[in-house]
Amino acid sequence: MDYSDVSTIAAWVTEQGLKGASEVELMTGFCKACRDAGLPLDRGMALMDTLHPVHEGRAFRWDSVEEIETEFEYGPTSSGEAAASWQRSAFYHLWSGNEREVRRRLGFGDPIDFTMLDKIAEAGNTDFVAMMHRFSEAGTIGEMDCFFSHFATKHPEGFSEHDLAILRKLVPVLGLAIKCIALGRIARTIAEVYLGEDAARQVMEGKISRGKSERISAALWFSDLLNYTKISDRVPPEEIIPLLNDYSEVAISAIHEAGGNVLKLIGDGVLAIFKGEVPAETCRAALRAESLLREKLVTLNAARAADGRPTTDVYIGLHIGDVFYGNIGSQDRLDFTVIGPAVNEVSRIASMCRSVDLNLLISSDFAAAIPEDQRAALACVGRYALRGVQRAQELYTLDGARLNN
């Protein structure tokens, strides 16, 4: 491989990184380009931690012959077998020490002392090199503090010093491109986790100016946990977060499965919307979410009761109306949410559930909008004046919607 090829490959990686190519495309294209230019690469892997509520990081692999999984996400490596495997790896050896590179000439008597080296050697590879490029404090996000990579060859003589010099010049370019793509992915993840999928999409598309909003018609959901204050007063403090997590998980997953978007977690409360052009369809989706939640609650409460942990119920208010959906706040602290009288109404409707001992209350507007085949299942609860709402209205529920006190 000639040094003139270095500029060509570096330029390609840079261009692909700027275009937004995926990490797999970058890794595959990089390894193939190096091999085509004469660098005897037969295997490669890149790895970088990320900022994600579930996954610790993502890895990308390439093999010149074997069909392998080219991309995978890995969980925490802080305990158990995952921690033991990580601590036996070449990457951990680099991360915990002062070296930036470690090499094992597998075909020439070097020890097979790192995780995966036995399989790499069994595949016929004669030489292995692992590299770490550490980020500065300014370039670190969470645990994403370095870029790891390793490469192997089946060449009878292994990597030459010229080969290694080429890799040392090119791998930092690959790392920068992959980090660029990873940062974009992290930004989307953070936005989706804290704003919700639809709000995150709009923010990532540039709708970030204060006061920028749109008027939409949506089915609105507001739910709360029954007796949350009493439960939190009588259980140990360390039980509160697991309880909130368990019940938030079933509520949020039910809403998402039915096509809704969760906008707010307000203590033990959940505010969500179901967007769509046809009111009957948005209402149908909200009712579908309510049904899914009830199914999930049966399973959750059975599991918690079996473990001797406190159980509860979820009460829900459903409404439909026009709201303003967009950015509200100060110049340096914005919230992407919904506002309008309908939002206030749905929270008041939900709070009425405890007074009438029902786990679901539906506004008259929502009842009028639902499909004909579902309207027959409604029962009128009565006419109520809601606190902070000018007009009294009839509220409805589904047959059998009783709170499990």
Side-chain angles (χ1 to χ4, degrees), residues 1-48 58-72 89-91 93-94 99-112 114-134 146-182:
M1 182 176 183
D2 193 270
Y3 276 112
S4 63
D5 295 316
V6 172
S7 297
T8 301
I9 295 172
W12 179 86
V13 172
T14 302
E15 181 182 10
Q16 294 304 306
L18 290 172
K19 285 182 176 180
S22 71
E23 297 98 323
V24 170
E25 290 170 333
L26 286 167
M27 186 64 183
T28 300
F30 173 83
C31 291
K32 286 183 175 179
C34 288
R35 184 176 172 86
D36 291 344
L39 191 66
L41 286 188
D42 286 287
R43 185 186 181 102
M45 185 170 85
L47 180 150
M48 187 183 293
R58 304 176 75 240
F60 317 97
R61 296 190 292 198
W62 172 84
D63 192 280
S64 62
V65 177
E66 184 182 354
E67 289 289 334
I68 59 172
E69 182 183 14
T70 57
E71 177 180 7
F72 64 92
S89 70
F91 293 150
H93 173 83
L94 295 172
E99 299 173 83
R100 293 184 56 186
E101 181 182 307
V102 62
R103 183 183 184 188
R104 291 292 183 265
R105 288 173 59 78
L106 304 174
F108 305 93
D110 279 4
I112 299 178
F114 296 129
T115 303
M116 292 176 58
L117 276 190
D118 53 344
K119 294 182 179 178
I120 292 173
E122 288 171 6
N125 292 285
T126 60
D127 209 348
F128 167 91
V129 60
M131 299 178 176
M132 179 190 69
H133 294 84
R134 199 182 292 273
C146 55
F147 173 70
F148 293 111
S149 60
H150 79 223
F151 302 92
T153 182
K154 296 178 182 178
H155 193 281
E157 297 179 7
F159 289 122
S160 68
E161 288 304 316
H162 176 74
D163 296 333
L164 294 176
I166 294 292
L167 281 174
R168 292 179 190 125
K169 288 181 177 294
L170 283 175
V171 170
V173 182
L174 174 66
L176 183 59
I178 288 180
K179 183 182 180 183
C180 176
I181 303 305

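Computed from a predicted structure; not experimentally measured.
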*Taking every non-hydrogen atom, the tightest pair across Gly44 and Cys31*: CA-SG, 4.5 Å

*In sequence, state the C-alpha distance, the side-chain angles, and the governing distance for Leu26 and Ile181, and then conclude on side-chain contact (heavy atoms from CB on, under 4.5 Å).*
CA-CA 10 Å; Leu26 286 167; Ile181 303 305; 3.9 Å; yes

*For the atom pair SG (Cys34) and CH2 (Trp62), what is the distance rounded to the nearest 0.5 Å?*
8.5 Å

_Among residues at least two apart in sequence or on other chains, which ones pass side-chain hydrogen bond (donor to acceptor under 3.5 Å, both in side chains) with Asn125?_
none

*Between atom CG of Leu106 and atom CZ of Phe108, what is the distance when rounded to the nearest 0.5 Å?*
9.5 Å

*Are Lys154 and Pro40 close enough that some pair of their side-chain heavy atoms sits under 4.5 Å apart?*
no

_Atom of Arg104, atom of Leu117 and distance for their closest heavy-atom approach_ = CG-CD1, 3.8 Å

*Which residues share a side-chain hydrogen bond (donor to acceptor under 3.5 Å, both in side chains) with Glu161, sequence neighbours left out*: Arg103

_Test of understanding: with side-chain hydrogen bond (donor to acceptor under 3.5 Å, both in side chains), list the residues that count as partners of His162, not counting sequence neighbours._
none

*Mind checking the CG-CG spacing from Asp127 to Asp163? Nearest 0.5 Å is all I need.*
9.0 Å

*Using side-chain contact (heavy atoms from CB on, under 4.5 Å) as the criterion, list what pairs up with Arg134, not counting sequence neighbours.*
Trp95, Met132, Cys146

*Enter the distance from Phe30:CZ to Leu41:CG here, rounded to the nearest 0.5 Å.*
7.0 Å

_Can you give me the closest heavy-atom contact between Thr126 and His155, atom names plus distance?_
OG1-O, 2.6 Å

*Check whether more than 12 heavy atoms from other residues, nucleotides or ligands sit under 6.0 Å from atom CD of Glu99, and answer yes or no.*
yes

*Does any pair with a residue in residues 21-33 pass salt bridge (Lys or Arg N to Asp or Glu O under 4.0 Å), and if so which ones, sequence neighbours excluded?*
Glu23-Arg58, Glu23-Arg185

*asked:* Among residues at least two apart in sequence or on other chains, which ones pass side-chain contact (heavy atoms from CB on, under 4.5 Å) with Asp63?
replied: Arg43, Val65, Glu66, Ile68

*At what distance, to the nearest 0.5 angstrom, does OG of Ser22 lie from CE of Met27?*
12.5 Å

Could you list the donor-acceptor pairs under 3.5 angstrom formed between side-chain atoms of residues 167-179 and any protein atom two or more places apart in sequence or on another chain?
from, atom 1, to, atom 2, distance (Å)
Arg168, NE, Glu101, OE1, 2.8
Arg168, NH2, Glu101, OE2, 2.9
Lys179, NZ, Gly139, O, 2.9

*Does any pair with a residue in residues 7-16 pass side-chain hydrogen bond (donor to acceptor under 3.5 Å, both in side chains), and if so which ones, sequence neighbours excluded?*
Glu15-Lys19

*asked:* Once side-chain contact (heavy atoms from CB on, under 4.5 Å) is applied, do any residues pair with Thr70, and if so which ones, sequence neighbours excluded?
replied: Val24

_Residue list, ring-ring contact (aromatic ring centres under 6.0 Å, His included) with Phe91, at least two apart or on another chain_ = Phe148, His150

_Pairing residues for Asp42 by the salt bridge (charged side-chain N to carboxylate O under 4.0 Å, His left out) criterion, not counting sequence neighbours_ = Arg35

*Could I get the full list of side-chain contact (heavy atoms from CB on, under 4.5 Å) partners for Ala37, not counting sequence neighbours?*
Met1, Asp5, Ile9

*Find the distance between CD1 (Ile120) and CZ (Phe128) and round it off to the nearest 0.5 Å.*
5.0 Å

*What do the steps show when you test Leu39 against Phe151 for side-chain contact (heavy atoms from CB on, under 4.5 Å), and what is the final call?*
CA-CA 11 Å; Leu39 191 66; Phe151 302 92; over 6 Å; no

